[in-house]
Number of protein chains: 2
Amino acid sequence: MTLLNTPAIRNIPEATVARLPVYLRALAALADQGLSICSSNDLASAAGVNPAKLRKDLSYLGSYGTRGVGYDIEYLRYHVARALGQTQDWDVVIVGVGRLGSALCAYNGFSSRGIRIAALVDSDPAKVGTKVGGLTVAPMSKLRSLVREHGVAIAVIATPGGAAQEVADALVAAGITSILNFAPAVVSVPDDVTVRKVDLSIELQILAYHEQRVRGVAG
Amino acid sequence: MTLLNTPAIRNIPEATVARLPVYLRALAALADQGLSICSSNDLASAAGVNPAKLRKDLSYLGSYGTRGVGYDIEYLRYHVARALGQTQDWDVVIVGVGRLGSALCAYNGFSSRGIRIAALVDSDPAKVGTKVGGLTVAPMSKLRSLVREHGVAIAVIATPGGAAQEVADALVAAGITSILNFAPAVVSVPDDVTVRKVDLSIELQILAYHEQRVRGVAG
DNA sequence: CCGATTTGGTGCGCACGTTCACAAACTCCT
DNA sequence: AGGAGTTTGTGAACGTGCGCACCAAATCGG
């Protein structure tokens, strides 16, 4: 009934999931320093969070520390990576090979984190067939077959805002169930599809708001 | 005592501030459709949120709607933009002119949202002096004078992770008080400096986690 | 073998954010 | 003018997440 080796993979709070990759990176940094054991204090400061929050987050995955000692870095790394699903590689398709799409292709921080860029797609005929970062840009019409062929579940939208909804519809039709949207537009998808949105100008606008606040107090 | 024209500019919840730019963009889209009035339902669906949440969010800025009628789009636009500090332009300096930094330079969604890229800085001597998007790349040594000259308060870190902390220290020393960090690293800054972090691979890892969850249920 | 110390795990109270439901206010029609 | 229909604004309930503080377990030293 209860599998001791695969504890509670379920019910990890969303806020915790968002921090797990940070912990993973902090663990990698500590390992690079030659350490093999670390306390929750060490790891928390490397990850920039409260030690209590760190321990509570890790407790959702199971009990992988040793009281009085700390955490075995490699052991914990394995289990955090496992919880995030990094025991396998995830193939990703990028739609839109403009400057941002090209920058994403060239980013070399993906492969070490279980992310593999499997295909590039663009609607511009002038871009189709060109090579970007070792991959040949395919037309939108090939989307469905590419997704099926590589078993792609995750897609990135890096198009202008006006094309985002149309692209999202095509992705859903092709069988994609997770979308990372860089386009400055709200896209609506069925309930069984997850969308995360990253908007560069919104982030700057939020910072500007805070700047304005302190300016207002100052003068 | 109470200025009726500048209501409660203070005490807007953080979650609401993060949504205001989305509302602003939705308002712009509705205006482009030739509309001059919209209900909270219209605006909420354009912004992809719950109507009740939208109304509560807007209520933090003041009462800019008319019961029984809806919101005057241009009037509301002005007041949301004002709350976000878009009555003035904000100069931004980008540190790191790699592929991501270049992509940011070329992004034309900034200028219409009160964001102006004022300067580019890079530590690579081979890049210093080259022109990217109409701006000449300056060396790190010019950072302080550039910040002072343009009155820059907001900076973007688009360097590799290893350089992020060093760059952040230099930015703080130059007088920057808001930082948008794209580098895959945790940077620590004094309490009076705001840092927002955008991490491309973390977003994909979160999506991979959710994919893994549904996969686990399926098989 | 025992106690002092270190360190992970967790229950509980607080604060924040979200949602609901309703009162207030405006328009329109008769 | 007045009532019916809309739509905003907001008080209150609910749920989630965060952080403190305490408990449990393992190590070290004598």
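Chain identifiers are assigned alphabetically (A, B, ...) following the order of the sequence lines, protein sequences preceding nucleic acid strands; residue numbering begins at 1 within each chain.
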- For Tyr64(A) and dT7(C), is the shortest distance between a side-chain N/O and OP1 or OP2 below 4.0 Å? no
- Message: Whole angstroms only, please: what is the CG-C1' distance between Leu76(A) and dT7(C)?
- Response: 14 Å
- Message: Would you say Asp57(B) and Tyr23(B) are linked by a side-chain donor-acceptor pair, where the criterion is simply a distance under 3.5 Å?
- Response: yes
- Spacing of Leu54(A) atom CG relative to dC20(D) atom P, expressed in whole Å: 14 Å
- Query: Under a 4.5 Å cut-off applied to non-hydrogen side-chain atoms, are Cys105(A) and Ile94(A) in contact?
  - Reply: yes
- Message: With a 3.5 Å distance limit and no angle check, can you tell me whether Trp90(A) reaches the backbone of Gly85(A) through a side-chain donor-acceptor pair?
- Response: yes
- Query: Has the side chain of Arg113(B) got a donor or acceptor atom that lies under 3.5 Å from a matching backbone atom of Gly109(B)?
  - Reply: yes
- Task: Count the heavy atoms belonging to other residues, nucleotides or ligands that lie under 6.0 Å from CD of Glu166(A), then report whether that count exceeds 12.
- Result: no
- Hey, can you pull the residues of residues 20-40 of chain B with a non-hydrogen atom under 4.0 angstrom from DNA chain D? Ser39(B), Ser40(B)
- Query: Going through the distances and angles, do Tyr64(B) and Tyr71(B) end up as a ring-ring contact (aromatic ring centres under 6.0 Å, His included)?
  - Reply: CA-CA 7 Å; Tyr64(B) 297 124; Tyr71(B) 297 97; 9.1 Å; no
- Message: Tell me if a side-chain donor or acceptor on Ser39(A) pairs with a main-chain N or O of Asp42(A) at a distance below 3.5 Å.
- Response: yes
- Give the B/S/- string for nucleotides 14-23 of chain C, one per nucleotide from 5' to 3', where a protein heavy atom under 4.0 Å of the base yields B, of only the sugar-phosphate yields S, and otherwise -. ---SSBBB-B
- Task: Give the rounded distance in Å between these two atoms: CG of Leu58(B) and P of dT8(D).
- Result: 10 Å
- Any ion pair linking Arg77(A) and Asp72(A) (charged N to carboxylate O, less than 4.0 Å)? no
- Write down the distance between CG (Asp42(A)) and C1' (dT6(C)), rounded to a whole number of angstrom. 13 Å
- Message: Can you measure Asn41(B) atom CG to dT8(D) atom C1' for me and round it to whole angstrom units?
- Response: 11 Å
